[in-house]
Amino acid sequence: MDDENSISRLNEIGRKALEGLEKISEASDLERWKVENLGRSAPVMEIFSHLTGLDSTMRPLVGQAANRLKQQLEKAYGEREQVIKTAQLKNSLETETLDISLPGRQPGVGRLHPVTQTLRQITDVFSGMGFQVYRSREVETDEFSFGLLNIPPYHPARDMWDTFHTTTPGVVLRPHTSPGQIHVMRQFCPEPIRAILPGMCYRYEQMDARHESQLMQVELLVVGREISLGNLKGTLQEFARGMFGAEVRTRFRPSYFPFTEPSGDMEIECFICSGKGCRVCSKTGWLEILGCGMVHPTVLQNGGYDPEVFSGFAAGMGVERVAMLRHHVEEIRYFYGNDVRFLEQF
Ligand code: DAH
């Protein structure tokens, strides 16, 4: 290449490069342009490598011209880059506008656990009948859980409660709310009592669809003069109506509990099959919802009441069981499984 040619070649390189640059509107094309026109093997760079073959008077002229062109291209590149960036920003401001009128995402709203809801309904029905709520402890003594309830250590009825014993001898997690009967009687004796005693109970259960190792119970205790089996039936029937609807049918069947005599179970007519018999009621047409009975004289005595003067009735029910019946839940383990997909349905 001779000297004249080098200069015109530089002009040609510059013209082409700048023409190409004009047309570019994308950042990726711009990057490619930079490699092609300012990279190591760009045409302008080749001019530099040919300098040594030039006439010594022309060499500085061509060298300076090539340098100028390189700077010119760099400057043009910088300007173009700025133009593209500005256009991009403008575009994204226009197309990606934030619609502040759109309602925000609602944070999840908590709610009461279905067992708590059911407990509150039970409490409502009984407070309507003048019952007060009495809370008693979850960690109990063996004596209150069994002995004072007429279940001595050797008594086989203890097998009805698979109890968790603590490492402290004689201290257990209460397997039922019945020990609260003794506490409330000792506190109020010789006053009459009309109380419900709700609370968590613990059992060393083989867990299945109907048994959990933790369960909420509500105990019922009425003590006074001339309290009769008729009072027990009337009160519990009234409860069933308040809880399951005015039409609900109930029945009582004899049962056995050491702390009541006589003892019974109350059942309500199965509302799935209306008494015809189905899978939920094990083909009997009835669903058991609580155990009950007239308070055993020994228990009254242990509470401080003279059984010759006072009588009373008691009952106990599992709140999960009632919740299952009301909401048609077939698996008790859902209640404490902490799965919001289950819990948020209530
Ligand atoms: N404590 C009994 C249980 O856990 C339930 C019960 C039955 C309570 C009869 C009572 C009652 O007060 O009279 O199985």
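For ligands, and for the atoms within them, numbers begin at 1 and follow the listed sequence. FYI, side chains are in, hydrogens and waters are out, and symmetry mates aren't considered; it's all heavy atoms of this structure.
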Which residue owns the protein heavy atom closest to atom 12 (O) of ligand 1, what's the atom, and how far is it?
E219 OE2, 2.6 Å
Any atoms of ligand 1 less than 4.0 Å from a non-hydrogen atom of G293? List them with their elements.
13 (O)
At the 4.0 Å heavy-atom cut-off, does Q217 count as touching ligand 1?
yes
Under 3.5 Å between some N or O of ligand 1 and some N or O of A314?
yes
Does ligand 1 have any atom that is closer than 4.0 Å to a heavy atom of F313?
no
Under 4.0 Å, counting heavy atoms only: does Q181 come that close to any atom of ligand 1?
yes
Less than 4.0 Å between a side-chain N and a carboxylate O, is that true for R15 and E12?
yes
So do L148 and F259 actually touch side chain to side chain, heavy atoms under 4.5 Å?
no
Counting neighbours of CZ on R249 that are heavy atoms of other residues, nucleotides or ligands and sit closer than 6.0 Å, is the number greater than 12?
no
Return the closest protein heavy atom for atom 11 (C) of ligand 1 as residue, atom name and distance.
F259 CE1, 3.6 Å
Measure A315 to ligand 1 on non-hydrogen atoms and call it side chain, backbone, both or neither using the 4.0 Å cut-off.
backbone
Lys/Arg N to Asp/Glu carboxylate O, R158 vs D142, below 4.0 Å:
yes
Looking only at heavy atoms, which two atoms of L290 and G316 are closest? And how far apart?
CB-O, 3.3 Å
Give the atom numbers and elements of ligand 1 that come within less than 4.0 Å of a heavy atom of F257.
7 (C), 9 (C)
Kindly give the cluster partners of Y256, where membership spreads through any ILVMFWY side chain lying under 4.5 Å from a current member.
none
Closer than 4.0 angstrom, basic N to acidic O: yes or no for E330 and R279?
yes
Give me the residue, atom name and distance of the protein heavy atom closest to atom 3 (C) of ligand 1.
W161 NE1, 3.5 Å
Tell me, which protein residue and heavy-atom name are nearest atom 5 (C) of ligand 1, and how many Å apart are they?
G316 CA, 4.1 Å
Going by the order shown, which atoms of ligand 1 are within less than 4.0 Å of some heavy atom of S178?
1 (N), 8 (C)
Which of the numbered atoms in ligand 1 are below 4.0 angstrom from a heavy atom of T260?
13 (O)
Numbered atoms of ligand 1 (with element) below 4.0 Å of C292, judged on heavy atoms:
9 (C), 11 (C), 13 (O)
Does the ring center of F164 lie less than 6.0 Å from the ring center of Y202?
no
Please give the remaining members of the hydrophobic cluster of M207, linking ILVMFWY side chains under 4.5 Å, ordered by chain and number.
none
Between L215 and I332, is there a shared hydrophobic cluster once you connect ILVMFWY residues whose side-chain heavy atoms come closer than 4.5 Å?
no
Atom 4 (O) of ligand 1: nearest protein contact (heavy atom, Å)
R203 NH2, 2.8 Å
